2 protein chains.
Amino acid sequence: MEEQNKKILLVEDDPNFGTVLKDYLMMNDYDVVHAKNGMEGFEKFKKDDYDLCILDVMMPYKDGFTLAKEIREKNTDVPIIFLTAKAMKEDVLKGYKVGADDYLNKPFDSEVLLMKIKAIMQRKATDTVADSKQFEFKIGRFDLNSKLRFLKFDGGEPTKLSPKENELLRLLALHENDLMPRELALTKIWRDDNYFTSRSMDVYIAKLRKYLKPDPNVEILNIHGEGFRLVINNK
Amino acid sequence: MEEQNKKILLVEDDPNFGTVLKDYLMMNDYDVVHAKNGMEGFEKFKKDDYDLCILDVMMPYKDGFTLAKEIREKNTDVPIIFLTAKAMKEDVLKGYKVGADDYLNKPFDSEVLLMKIKAIMQRKATDTVADSKQFEFKIGRFDLNSKLRFLKFDGGEPTKLSPKENELLRLLALHENDLMPRELALTKIWRDDNYFTSRSMDVYIAKLRKYLKPDPNVEILNIHGEGFRLVINNK
DNA sequence: TTCTTTTGTTAACGTTAGGTTAAACCTAAT
DNA sequence: ATTAGGTTTAACCTAACGTTAACAAAAGAA
């Protein structure tokens with residue numbers, strides 16, 4: 001389904017090589033942002049979160065090492081791979097000192113780069129813990145655990161929720177007693193707002209109402225033409 | 001505080017080069033054990049815990065790749081650096097597939113090697129903290145010893161586990177009652193995430209469920225599209 | 001009112017993920 | 001060579017999910 005692709009920041013001043021490399025990476029299911037020089041690279045880096053940076057060493061205005069240092073100041077963890085034309089020892093050492101994760105001499109084999117990327121990403125795979133977001137909600141007599149995707153009534157047997165059910169209920173809970181605009185759910189969960197996705201959402205609202213029936217103090221109200229409202233009557 | 005030196009297993013068949021390298025590393029405050037071939041390398045590896053393995057690829061009796069595979073069966077986490085005379089692409093790819101952390105072509109500069117070692121150690125320092133020392137788990141009425149790879153029920157006869165069975169159960173136990181993402185197991189244990197490895201993992205889940213059957217309070221639940229959850233009902 | 005649009009609900013369908021068993025495939029050890 | 005242990009691939013089946021259709025009921029507009 002919607003498995004998020006890994007995001008790569010590629011900073012390479014040679015437009016031909018840069019474009020070819022970008023296309024190659026994108027063909028291999030990476031989201032690539034291509035910056036043409038160090039300045040632009042840093043701007044783009046600040047604007048978004050990346051899973052990996054590939055930096056050319058020799059660039060006008062701001063070389064790869066300087067850029068890497070700036071990146072490291074903002075983020076100690078992003079893996080960095082350097083690309084360099086010459087195989088100079090000083091450069092390699094300098095690179096590792098700045099916290100490089102790997103090093104490649106141009107010209108290099110693209111498959112090798114791909115393997116290195118994979119290897120590096122795998123190392124980082126442990127850090128999935130990052131978002132200790134909000135996963136647990138109290139909804140009347142229900143408990144929603146949106147990480148493990150289940151709904152418990154009075155602490156009894158948990159009901160399993162499908163991804164869509166789960167996301168939708170979570171969105172409603174996030175807006176408890178308030179309007180949850182139709183459009184919000186459609187763009188966030190269905191990633192598209194048209195007649196069919198809208199109907200699909202209505203189907204899911206019906207499902208959720210069924211799940212929530214056991215507690216008469218919990219209901220999902222419709223606000224015609226606007227969206228839905230999860231109300232919890234606690235007297 | 002007595003900071004323990006890092007322990008390196010160096011497997012290199014050229015006696016001259018091996019000795020020089022060993023001395024150089026020891027001068028830089030590493031504890032180095034030098035094995036002269038793959039066989040000996042594996043023996044030494046089994047006898048002790050190492051923070052890093054440096055393996056020559058071309059060796060008589062047992063080449064570096066084979067050795068690496070055996071090492072990986074015992075330990076999924078030790079960093080491995082390959083040394084090779086020729087810069088063959090196939091070799092490099094093979095190396096990364098076996099789970100190499102880095103790659104060096106002979107002749108190489110010793111300072112470069114040192115930097116690579118430092119870089120790798122640093123990486124491991126951050127992400128190995130949490131789980132590296134955890135080998136024993138209580139799973140309901142079972143005891144899992146993931147170092148010796150066996151599972152005991154009620155303290156009775158231990159069932160031997162294969163490396164994959166063991167690693168998978170360990171990962172599940174590490175995330176007890178919580179989600180163990182599919183992707184995590186695939187990248188950490190299978191080192192690749194595709195249709196087939198995913199199916200392979202499912203086969204192992206089935207095996208584990210069989211092993212765990214004797215205790216009805218222990219089960220592996222699936223969270224569709226996300227992963228698995230080892231639940232232990234202790235009433 | 002009557003017409004139109006939006007929402008409620010159920011059922012059917014197609015697709016994909018997962019459960020399980022067995023066979024095929026290594027590769028190290030005999 | 002043969003065998004045994006471990007792992008992958010194949011095959012078949014069931015469960016889970018999401019979309020769409022169909023029809024009914026509300027709500028709002030005319």
Side-chain angles (χ1 to χ4, degrees), chain A residues 1-3 149-150 159-169 179-183 185-186 189-213 219-229, chain B residues 38-39 41-43 46 61-63 65-74 76 94 97-99 149-150 159-169 172 179-183 185-186 189-213 219-229:
Chain A
M1 195 95 297
E2 350 109 21
E3 175 85 39
R149 292 209 327 242
F150 65 69
T159 310
K160 289 214 236 175
L161 299 181
S162 85
K164 288 250 153 77
E165 291 165 353
N166 177 58
E167 282 298 296
L168 186 55
L169 185 53
L179 170 68
M180 195 282 291
R182 236 196 150 73
E183 199 206 333
L186 291 176
I189 303 176
W190 275 265
R191 296 168 185 287
D192 189 14
D193 182 349
N194 61 47
Y195 171 77
F196 290 108
T197 53
S198 193
R199 284 335 317 277
S200 189
M201 170 172 168
D202 288 331
V203 171
Y204 276 90
I205 291 287
K207 291 184 184 183
L208 290 183
R209 284 190 173 125
K210 223 180 243 173
Y211 288 141
L212 298 174
K213 211 147 221 168
E219 46 184 344
I220 299 176
L221 300 184
N222 171 254
I223 299 177
H224 202 87
E226 298 288 331
F228 295 90
R229 196 156 80 93
Chain B
M39 304 292 213
F42 192 53
E43 291 311 310
K46 281 191 289 189
Y61 305 124
K62 188 181 284 182
D63 70 292
F65 295 129
T66 313
L67 175 57
K69 255 197 217 160
E70 293 176 5
I71 288 177
R72 276 274 170 270
E73 277 180 18
K74 290 243 148 223
T76 8
K94 203 168 165 190
K97 225 169 235 163
V98 184
R149 296 211 323 249
F150 65 69
T159 310
K160 290 212 251 174
L161 298 181
S162 82
K164 288 249 152 74
E165 291 166 351
N166 177 57
E167 280 299 304
L168 186 55
L169 186 52
L172 284 165
L179 170 67
M180 195 282 291
R182 245 196 141 73
E183 197 207 335
L186 291 176
I189 303 176
W190 276 265
R191 302 184 167 275
D192 191 14
D193 182 348
N194 62 48
Y195 172 78
F196 290 108
T197 53
S198 193
R199 284 335 315 276
S200 187
M201 170 173 168
D202 288 332
V203 171
Y204 276 90
I205 290 287
K207 291 184 186 188
L208 291 182
R209 284 191 172 126
K210 227 178 239 172
Y211 288 141
L212 298 174
K213 209 147 222 169
E219 47 184 344
I220 299 177
L221 298 184
N222 171 254
I223 299 179
H224 201 93
E226 297 286 331
F228 293 91
R229 193 157 81 96

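All figures in this text were calculated on a predicted structure; none of them were measured in a lab. Below, read A as the first sequence line, B as the second, and so on, with proteins coming before strands; counting in each chain starts at 1.
Note on B:F228: only backbone sugar-phosphate atoms sit closer than 4.0 angstrom, heavy atoms only; bases stay farther off. Here B:S200 lies in heavy-atom contact (under 4.0 Å) with a base. Within the nucleic acid shown, A:K210 comes within 4.0 Å of sugar-phosphate atoms alone, with no base atom in reach, counting heavy atoms only. Here A:R199 lies in heavy-atom contact (under 4.0 Å) with a base. Note on A:Y195: nothing from the nucleic acid sits closer than 4.0 angstrom, heavy atoms only. Note on A:D202: a base of the nucleic acid sits closer than 4.0 angstrom, heavy atoms only.
The pair A:D202-A:R182 meets the salt-bridge criterion, with a side-chain N (NZ, NE, NH1 or NH2) lying under 4.0 Å from an Asp/Glu carboxylate O.
To the nearest 0.5 Å, atoms CZ (B:R72) and CG (B:L67) are separated by 11.0 Å. Atom CG of B:L168 is separated from atom OG of B:S200 by 9.5 Å, given to the nearest 0.5 angstrom. Note that CD1 of B:I205 and CG of B:L172 are 5.0 Å apart. Values are rounded to the nearest 0.5 Å.
Atom NZ in A:K213 sits about 7 Å away from atom P in C:dT9, given to the nearest Å. Rounded to a whole Å, the CD atom of B:E219 is 15 Å from the C1' atom of C:dG19. Across the protein-nucleic acid pair, A:L212 atom CG and C:dT9 atom C1' stand 16 Å apart, rounded to whole Å. One can place CZ of B:R72 at 17 Å from C1' of D:dT7, the figure rounded to the nearest angstrom. Taking atom CE of B:M180 as the reference point, atom P of C:dG18 lies 11 Å away to the nearest angstrom. In this structure, A:R209 atom CZ and C:dT9 atom C1' are separated by 10 Å, rounded to whole Å. Computed from coordinates, the A:I205 CD1 to D:dA26 P distance equals 18 Å when rounded to whole Å. For the pair A:Y211 OH and D:dC17 P, the interatomic distance rounds to 8 Å; values are reported in whole Å.
Residues B:I223 and B:E70 both approach DNA chain C. Their nearest nucleotides, taken by heavy-atom distance, put B:I223 toward the 5′ side. Of the residues near DNA chain D, B:T197 and B:L161, the one whose nearest nucleotide (by heavy atom distance) lies more toward the 5' end is B:L161.
The side chain of A:W190 contributes no N or O atom lying less than 4.0 Å from OP1 or OP2 of D:dG18. Between A:R149 and D:dC17 there is a side-chain N or O to OP1 or OP2 distance below 4.0 Å. In this structure, A:K207 does not reach the D:dC17 phosphate: none of its side-chain N or O atoms is under 4.0 Å from OP1 or OP2.
Side-chain contact between B:F228 and B:P181 is absent, with no heavy-atom pair separated by less than 4.5 Å.
Side chain of B:F196, nearest nucleotide from C:dG18, D:dT7, D:dT9: D:dT9. For B:T66, the side-chain atoms get nearest to C:dA28 when compared with the rest of C:dA28, D:dT7, C:dT6. With D:dG28, D:dT7, C:dT9 as the candidates, the nucleotide lying closest to the side chain of A:A206 is C:dT9. Comparing D:dA21, C:dG19, D:dT9 by their nearest atom to the side chain of B:V203 picks out D:dT9.
The base of C:dG18 is not paired with the side chain of B:R182 by any donor and acceptor separated by under 3.5 Å.
Checked by atom type and distance alone, the side chain of A:R149 pairs as donor or acceptor with a backbone atom of B:H224 at under 3.5 Å.
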